[in-house]
There are 4 protein chains.
Amino acid sequence: MGAPQISVAGAGGRVTPELARLATEVGRLLAERGAVLVCGGLGGVMEAAARGAREAGGATIGILPGESPAAASPWIQHVVATGSGHARNLAVAASGDALIAVGGGWGTASEIALARKLCRPVVVLGGGPAVEGEGIERVESAAEAVELALARAAASHPA
Amino acid sequence: MGAPQISVAGAGGRVTPELARLATEVGRLLAERGAVLVCGGLGGVMEAAARGAREAGGATIGILPGESPAAASPWIQHVVATGSGHARNLAVAASGDALIAVGGGWGTASEIALARKLCRPVVVLGGGPAVEGEGIERVESAAEAVELALARAAASHPA
Amino acid sequence: MGAPQISVAGAGGRVTPELARLATEVGRLLAERGAVLVCGGLGGVMEAAARGAREAGGATIGILPGESPAAASPWIQHVVATGSGHARNLAVAASGDALIAVGGGWGTASEIALARKLCRPVVVLGGGPAVEGEGIERVESAAEAVELALARAAASHPA
Amino acid sequence: MGAPQISVAGAGGRVTPELARLATEVGRLLAERGAVLVCGGLGGVMEAAARGAREAGGATIGILPGESPAAASPWIQHVVATGSGHARNLAVAASGDALIAVGGGWGTASEIALARKLCRPVVVLGGGPAVEGEGIERVESAAEAVELALARAAASHPA
């Protein structure tokens, strides 16, 4: 496999400029570190993060809830259309060596919980849903989020 | 459909006697109120709740992660084997008019988050995972949990 | 578990009067034999079969593709809303000790294939999709379909 | 999105040298035509096709049934671990603009049926499961399979 895959979760609709900025920076930094960005493939935080990654020359994978690959944002390089609705949140959580949540609501909360169920390390940035527990760490900046996610991913070797 | 369906979530492995007692009482009270109990179909809290419901003459539905109906606990009356792993947590959350969590870990946390994503009311009993937010209410007794879940379910009419 | 569960698959939209008659008779005969009918929960053949079962006093389980239990036909007694789209076809196939297809198109074809993947016996009635192979048997009447499905289910003991 | 994505389906276990040769050639030709290869990510035909694509410099996406990305064959460049078992067959079918089946059993048959349910064109090579119907075309060589799949994909613009 080689390059680590890091999942980025967050709201799919309108997001604040601050969350969009954080997500774009997370995407950019992941690309600069050679990581592949995995996300839910839609708008909002997912699109901002994918844009950041692509603009920095990184690879992006979008895992969509619907049956049509055409629903992916233009910044998604490789599209998986699951046709499984919110059940695709499990695939987003499982496909990353770590998960970074940038803000987010109940969908993001479910991805955090599923990631932890699968023992994936989770880093939360920009507030995020009120889910707490072992393996969930909160940080203040995109740079901290990316460094911590990559470090935790390297240490955990999810099998 | 008629009878309300209430989902009960909680740990599937060994549980404390206190959680098992609470879950059994939740199952019994749901049955006495004419509700159908929905759960993940396995052991622990799921089995205790299903046992309480069946012993009181109620109906139970178990939604299993695996492909084999034979994995259901003996207290499951109607078995759905999804073959979809933890993605079945979405079905557990969606199939109830409300969700009652009795303790639980990350799997339960994901069911709470998915239930809220689908606007299902959630009642948490016996501690439960550290997930907070609008629509999640904590109670102290099985009787409170069942009354509140049925009241919230009646008020929300999930469509 | 006790009672066998038999899955019935077929088109969900408009169906011919002949297919509806066959499906209703399959449902009625399954109920008379004490089997629980499992289906996709929607209209067409699924609804006709569930109606036949319920009118004869049998139990029915509907496994819906969507997130809302309210989408189930009125003849569904126990509703599972998977929220997983066509991925729920796997649950329909896995939850029966055998599968009876009554006519049907590509969705039914996928349920037949998934049932065989899981070693469930398949009986096809009323034409049905052009899927052939070991473990798929074609019959001419609802009575033959029900007898053969119950016999094959009893012989295969899916685990 | 740009590059077309073509799904390749087939048996995951031991396959005949002839099927492996056909799958490798399909992968190579897809890469030479600039298409991204999508598959189930495991061994057998999936691995042979992914190998052909990667050795020719093409991109590959593997959509795994399990929760661990580490289960992907070494020829998978981008891994999606769905954790959803055979329900991931829907994602394999949905994520391609067309599906090429190279031999295969019941799993492949389910992917063909699901692809047709979603109106994706299907090309069958090397025998393949006994599933017939509109939109399924059989060819004799890897070159024919790739040309036909790309032509049908371009003509169908799945949305």
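Letters go in sequence order (proteins before strands), and every chain restarts at 1.
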Seminar exercise, completed: Note: A/Thr82 and A/Arg88 closest approach over all heavy atoms is OG1-CB, 3.4 Å
Problem set entry | Contacts with chain D made by residues 53-62 of chain A (heavy-atom distance under 4.5 Å), listed by residue number | A/Ala59, A/Ile61
Exercise. Between D/Ala115 and D/Ala93, which heavy-atom pair has the shortest distance, and what is it?
Worked result: N-CB, 3.6 Å
Problem set entry | chain A contact residues among residues 11-48 of chain D, heavy-atom distance under 4.5 Å | D/Val36
Exercise. Looking only at heavy atoms, what is the nearest atom pair of A/Ala101 and A/Thr108, with distance?
Worked result: CB-CG2, 3.8 Å
Exercise. So does A/Arg116 pair up with A/Glu132, basic N to acidic O under 4.0 Å?
Worked result: no
Exercise. Would a distance-only check, ignoring hydrogens and angles, find a side-chain to backbone donor-acceptor pair under 3.5 Å from A/Gln5 to D/Val79?
Worked result: yes
For this session: Kindly compute the distance separating CZ (A/Arg152) from CD (A/Glu137), expressed to the nearest 0.5 Å.
Result: 4.0 Å
Seminar exercise, completed: In terms of heavy-atom contacts, D/Asp97 and D/Ala153 come closest through CB-CB, 3.6 Å
Exercise. Do you know which two heavy atoms are closest between A/Ala149 and A/Ala98, and how far apart they sit?
Worked result: O-CB, 3.7 Å
Seminar exercise, completed: Between D/Glu111 and D/Ala9 the two heavy atoms that sit nearest each other are OE1-CB, 3.3 Å
